[in-house]
Every structure is written in C-alpha cells, then in structure tokens.
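All residue numbers in this chain count up from 1 along the given sequence. Below, each value reflects all heavy atoms present in this structure, side chains not excepted, and no hydrogens, waters or symmetry copies. The structure presented is a predicted model; accordingly, all values stated were derived computationally and were not measured.
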Amino acid sequence: RRVHGDASPPPARAAPAEASPARSPAAPIEKFGTQATTATRIRVYRNGDPRHAGEELVVNFKRVRDLSQLLTQVDAKVRLVTGAARKLVVLSTGARVKALEDLQDGGVYVACGGEPFRSDVTYSGAQ
C-alpha cells in the first residue's frame with residue numbers, strides 16, 4: 001500500500017499466467033456441473049417360491065452405497081418367509097452377488113435368507 005507522499009514505486013505485480021496450450025480435438029472434454037447418474041432396475045424373486053411373481057426394484061447408487069443397504073431394501077420389498085435377505089443370487093448362473101458393481105440393469109436375481117439357493121424351482125415370469 002502506498003502512503004501519501006511516499007516516492008517509492010508500487011509493488012511489482014505477478015507476471016501473467018502463461019496461456020494454456022491449445023487442446024487437440026482428440027483430447028477428451030471434461031464436463032463440469034451436475035452429472036445424471038442412472039439407476040439400475042432389477043427383478044428379485046423369493047428363494048424357493050414358484051408362485052412369487054417377483055418384485056421390481058430400482059437401485060439408486062446415490063442412496064444405496066453398499067450391499068448391506070441393498071439387502072435391506074430387498075428385504076423390505078420381497079419379504080422372505082425364512083427371515084432377512086442375506087444374499088442375492090443371479091438367477092441364470094447361480095452366482096452370488098458380492099458387490100453393487102455386479103448388478104446388471106434389467107438383471108434377474110433371487111433373494112436368499114440363511115438357506116441355500118434353490119435352482120430346481122421354476123420362478124414364474126422369469127425368462
């Protein structure tokens with residue numbers, strides 16, 4: 001700050017920043033702001049119940065952050081007779097879902113409690 005009557009020169013200003021090099025057309029464009037995340041729709045059946053039509057569930061990854069939260073949602077929707085939903089199994093392969101990343105949009109799953117997955121049952125409405 002200059003004081004009135006001070007003959008000293010003003011402080012030096014910072015040098016202007018160098019201009020960024022031109023971006024090549026092949027470089028990816030970074031997007032800023034709100035990005036829409038898509039929800040995943042899955043169909044879940046009760047383990048061992050051939051008459052259960054299945055429940056459609058929309059998994060929003062902003063609200064469901066881990067597998068235990070998903071199992072809580074599945075339990076509230078499917079209402080297993082054998083107790084709380086403890087695991088999800090892919091209907092077509094019998095593989096256990098171990099992480100949210102394993103879910104496929106439009107996938108068909110079976111909710112199991114403490115009992116083993118019943119692959120011998122034909123689930124109604126399942127492809």
Report all side-chain donor-acceptor pairs from residues 70-78 shorter than 3.5 Å, counting only partners two or more places apart or in another chain.
from, atom 1, to, atom 2, distance (Å)
T72, OG1, S68, O, 2.9
D75, OD1, A85, N, 3.4

For T82, side-chain hydrogen bond (donor to acceptor under 3.5 Å, both in side chains) partners two or more places apart: E115
Full working for side-chain contact (heavy atoms from CB on, under 4.5 Å) between V97 and L67: CA-CA 9 Å; V97 175; L67 193 58; 4.2 Å; yes
Gap separating the CG atom of N47 from the NE2 atom of H52, nearest 0.5 angstrom: 11.5 Å
Residues that R63 engages under salt bridge (Lys or Arg N to Asp or Glu O under 4.0 Å), provided they are two or more places apart: none
Closest non-hydrogen atom pair between V58 and A39, with its separation: CG1-CB, 3.6 Å
Shortest non-hydrogen contact from G113 toward L80: N-CD1, 3.6 Å
Pairs where residues 46-60 contributes a residue and the test salt bridge (charged side-chain N to carboxylate O under 4.0 Å, His left out) is met, not counting sequence neighbours: R41-E56, R43-E56, R46-D49
From CD1 (I42) to CG (L88), nearest 0.5 Å: 6.0 Å
Y109: which of V89, L103, D102 passes side chain to side chain contact (heavy atoms under 4.5 Å, CB included): L103
Pairing residues for V81 by the side-chain contact (heavy atoms from CB on, under 4.5 Å) criterion, not counting sequence neighbours: none
Separation between CZ of R118 and OH of Y123, rounded to the nearest 0.5 Å: 7.0 Å
Heavy atoms of other groups near Q104 CD, more than 12 under 6.0 Å: no
Where at least one partner belongs to residues 86-95, residue pairs that pass side-chain hydrogen bond (donor to acceptor under 3.5 Å, both in side chains), sequence neighbours excluded: none
Gap between atom OG of S119 and atom CG of L91 - 0.5 Å precision: 9.5 Å
